[in-house]
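Labels below follow one simple rule: chain letters A, B, ... track the order of the sequence lines, proteins then strands, and each chain is numbered from 1.
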Number of protein chains: 2
Amino acid sequence: MSYSISDVAKMMGVSAHTLRYYDKEGLFPNVKRVNGIRVFEESDFEWLRVLNCLRNINMPIKKMKEYVDLCALGDASLRERLAMIEEQERNINSQIKQLQYYKQEIDFKKAYYTKAIEMGSESAVRDWPCKTATLELDKLPG
Amino acid sequence: MSYSISDVAKMMGVSAHTLRYYDKEGLFPNVKRVNGIRVFEESDFEWLRVLNCLRNINMPIKKMKEYVDLCALGDASLRERLAMIEEQERNINSQIKQLQYYKQEIDFKKAYYTKAIEMGSESAVRDWPCKTATLELDKLPG
DNA sequence: ATAGAAGTTAGAGTTAACTCTAAGTCAAGG
DNA sequence: CCTTGACTTAGAGTTAACTCTAACTTCTAT
């Protein structure tokens, strides 16, 4: 079974334009062509999933290209690839931590507005103790 | 106690340029000026923390501006503000969920490369069962 | 065989969020 | 008084990641 660029675009939830852009940036070094037309196979899907993953954890396209190039080197680049993956691991962990921190602030705001609406006015809750209000600005997760 | 723009920049971990840009976009409607120079007070810090929070959960600056404008309307905009915060709550929850999902893929990759290095070659682990490899592309968290 | 849909390219345009520059103002220290 | 350094503005420049256009080719169905 083979797939056109727009099939894959639909599957990944991006535009065909975007996939051509990724290809131009060198992210699909192994996709087959028939009469110049890109033909995706199931065997390409693992790679598409990897790209999709890296994109969704905010790896820049240039870094993805570096990763592609390392893959092309085979076993000689295993350590470098592990290092990149470990960097992404640290990255994703800090992103999750940061979001969880700010989730608390958002939850507080939600409670604040809910109460304010209930009371009919913000002035009734203006000086609610805010857990985060005592934090130093420079201690926030970066 | 009052603070200059570069004091605040240091505290927030952004550049003074960036803060002036935010101001130009209307995100600091209440910061005092003395001889045209911005003077930040402790009383501005709660607002800086809110902005910092919204920025870190990837709210676009235009949306932050909308929020600023709603705040200026007082009690009349409480419901709209709650709605915005609730949207951000959904948003942040889906961001966290998505990152946690892709964290699994990264953890798998890490184990994969670790094993490959141990074995001396990727070919030894090439066909490891990958939990995520069976997923439909279009079932991935968006 | 021909229309229309979908593919191709190079390259221009867009958007968001900075990032920097130039030219100028102001306050403090020597 | 004069330099130094931090502040000001308007506006230009940068970067990443698309997003689109124009001109063209190829596939599919009548």
Protein-nucleotide distance ([X], atom [atom1]; [N], atom [atom2]), rounded to Å:
| X | N | atom1 | atom2 | answer |
| --- | --- | --- | --- | --- |
| B/L19 | D/dA6 | CG | C1' | 15 Å |
| A/M64 | D/dA16 | CE | P | 13 Å |
| A/K32 | C/dG7 | NZ | C1' | 16 Å |
| B/F28 | D/dT9 | CZ | P | 12 Å |
| B/F40 | D/dC7 | CZ | C1' | 12 Å |
| B/K65 | C/dA16 | NZ | C1' | 17 Å |
| B/K63 | C/dT15 | NZ | P | 17 Å |
| B/R20 | D/dT9 | CZ | P | 7 Å |

Under 4.0 Å between any heavy atoms, over every strand shown, what does B/R38 touch: base, sugar-phosphate, or nothing? Just pick one. sugar-phosphate

Between A/S6 and C/dG7, is there a contact of a side-chain N or O with OP1 or OP2 at under 4.0 Å? yes

Give a yes/no on whether any side-chain N or O of B/R33 is located under 4.0 angstrom from OP1 or OP2 of D/dT9.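 So the side-chain polar atoms of B/R33 do come within 4.0 Å of the phosphate oxygens OP1 or OP2 of D/dT9, strictly under.
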
Using a strict cut-off of less than 4.0 Å between a Lys/Arg side-chain nitrogen and an Asp/Glu carboxylate oxygen, indicate whether [X] and [Y] qualify as a salt bridge.
| X | Y | answer |
| --- | --- | --- |
| B/D44 | B/R38 | no |
| A/K63 | A/E87 | yes |
| A/E122 | B/R81 | yes |
| A/K115 | A/E118 | yes |

Which class fits the ring pair B/Y113 and A/Y67: parallel under 30°, tilted 30 to 60°, perpendicular over 60°?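 The arrangement is perpendicular - the two ring planes meet at more than 60°.
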
Start with the C-alpha distance between A/F45 and A/F40, add both sets of side-chain angles, then the distance that settles ring pair (Phe, Tyr, Trp, His ring centres under 6.0 Å), and finish with yes or no. CA-CA 8 Å; A/F45 282 22; A/F40 293 79; 8.0 Å; no

For every nucleotide of nucleotides 17-28 of chain C, 5' to 3': is a protein heavy atom under 4.0 Å from its base (B), only from its sugar-phosphate (S), or from neither (-)? BBBBB-----S-

Note, A/L27 side chain near A/Y21 side chain (heavy atom, < 4.5 Å):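 No. Closest side-chain heavy atoms not under 4.5 Å.
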
